[in-house]
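Below is one structure, written out as structure tokens; the observations come after it.
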2 protein chains.
Amino acid sequence: MIRKNEEKIFEDYLARENLKHSEQRKEILDVFLNTDKHITADELYGIVRKKYPSIGYATIYRTIRLLCECGLCLELKIDDGTTRYEHLYGHRHHDHLICVKCNRFVEVVDPDIERLQEKLFKRFGFAPQRHRMELYGICKKCKK
Amino acid sequence: MIRKNEEKIFEDYLARENLKHSEQRKEILDVFLNTDKHITADELYGIVRKKYPSIGYATIYRTIRLLCECGLCLELKIDDGTTRYEHLYGHRHHDHLICVKCNRFVEVVDPDIERLQEKLFKRFGFAPQRHRMELYGICKKCKK
DNA sequence: TATAATAATGATAATAATAATCAAAATCAA
DNA sequence: TTGATTTTGATTATTATTATCATTATTATA
Ligand SMILES: [Mn+2]
Ligand SMILES: [Mn+2]
Ligand SMILES: [Zn+2]
Ligand SMILES: [Zn+2]
């Protein structure tokens, strides 16, 4: 199973931080890895609850935080104010094309843009940390 | 006064929408136009309250909404979750370099990047609506 | 200018997303 | 197996923003 790597990363992180590995955390990681990318906390909660009806909302948020801390998950703040989470392990940096109708996310990387962004940092004397670029439009399907 | 144009835009909008022009709205517009760019609702509230101590928070939010609707103001959602507002009238589209230490905003436009973004929209069959690009780093002053 | 219709205001309550608290339950090292 | 420590779920708190509503202000008109 491909997920072996991710599970190990999570377990190693828990061990390193002297945290314990609960059933709930296993289940949330599993759902997160199985799910489509760019999921909200609420969507994750909805899926986990099917298998684990007693799960509490707080546990979802706590575990998402752990997943972000150990490098498996990246938080995205979208223009409409929603927060979404995507897989980070094994995924190189990328930006997003987002359909404002159907909310579809297309992952894109343009090496030319990346290079020009570095030049912008340099031109204004900034030490680069990260960037974020989102292109909002209407996708092919939604154009009808 | 340069602000004449902006005031007219606001007044025309209010008239067009059958809204009334209150002292509070005048004052909030005035503070917004006088202030530095990229202000939060709370910062705006703090400044307005000095001249107009009885102002209510709700009026700030209501008026910001009007300013956005009439094209004088643009809402920005920053990566850390805060919402900021900047002048829109007379300002061409631009993106931002943001210092993660001192929160300084530098406005930038790179025509090459803009062109490549259009190409990305086209390549993936998206009808472009808008985009947003933020470059986060540490500015010259904060590097010490 | 006085009036009357309409809209705006400020106080307050409501929302929604997320974080903090805490007693009970689960994990795990010895 | 035990016992120290952590986690959980329920609940409350927090924060930013919006909705409600009685009172007040604006504005068109007589
Ligand atoms: Mn992505
Ligand atoms: Mn700006
Ligand atoms: Zn679409
Ligand atoms: Zn700085």
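To find a chain, count down the sequence lines: A is the first, B the second, and so on, and within it residues start at 1. Side chains are part of it too, since the values below use all heavy atoms of this structure and drop only hydrogens, waters and symmetry mates. Keep in mind it's a predicted model, so treat the numbers as computed, not measured.
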Less than 4.0 angstrom from a charged side-chain N to a carboxylate O is my criterion; do B:D95 and B:R132 meet it? no
Expressed as a whole number of angstroms, how long is the span from B:E75:CD to D:dT18:P? 8 Å
If we count only N and O atoms by modelled type, under 3.5 Å, do the side chains of B:H131 and B:Q117 hold a donor and an acceptor together? yes
Please tell me if A:S22 has a side-chain N or O lying less than 4.0 Å from either OP1 or OP2 of C:dT27. no
Between C1' of D:dT15 and CG of B:D80, the distance in whole Å: 14 Å
In whole angstrom, give the distance that lies between atom CZ of B:R49 and atom C1' of C:dT9. 16 Å
Just the rounded figure in Å: distance from P of C:dA17 to CD1 of A:I78. 15 Å
Just the rounded figure in Å: distance from P of D:dT6 to OH of A:Y13. 14 Å
Among D:dT17, D:dA10, C:dC28, the one nearest any side-chain atom of B:A41 is D:dT17
Taking for each residue the nucleotide of DNA chain D bearing the nearest heavy atom, is the 5' side occupied by B:L19 or by B:K77? B:K77
Assign A:T83 to base, sugar-phosphate, or nothing according to its heavy-atom contacts below 4.0 angstrom with the strands shown. sugar-phosphate
By nearest nucleotide on DNA chain C, pick out whichever of B:N18 and B:I55 is the more 5' one. B:N18
Using whole Å, report how far OH of A:Y61 lies from P of D:dT11. 18 Å
For D:dT6, take OP1 and OP2 only and decide whether either is under 4.0 Å from a side-chain N or O of A:R25. no
To the nearest Å, give me how far apart CZ (B:R62) and C1' (C:dG10) are. 7 Å
Nucleotide nearest A:K20 when distance is taken to its side chain, options D:dT26, D:dT6, C:dT9: D:dT6
Nearest whole Å is fine: how far is C:dA8 C1' from B:H21 NE2? 12 Å
Step-by-step side-chain hydrogen bond (donor to acceptor under 3.5 Å, both in side chains) determination, B:E11 to B:Y13: CA-CA 5 Å; B:E11 279 158 23; B:Y13 178 76; over 6 Å; no
Is the phosphate of C:dA26, meaning OP1 or OP2, less than 4.0 Å from a side-chain N or O of A:Q24? no
In A:D30, A:T63, A:T59, the residue satisfying side-chain contact (heavy atoms from CB on, under 4.5 Å) with A:R25 is A:T63
Salt bridge check: are A:K37 and A:E107 linked by an N-O gap of less than 4.0 Å? yes
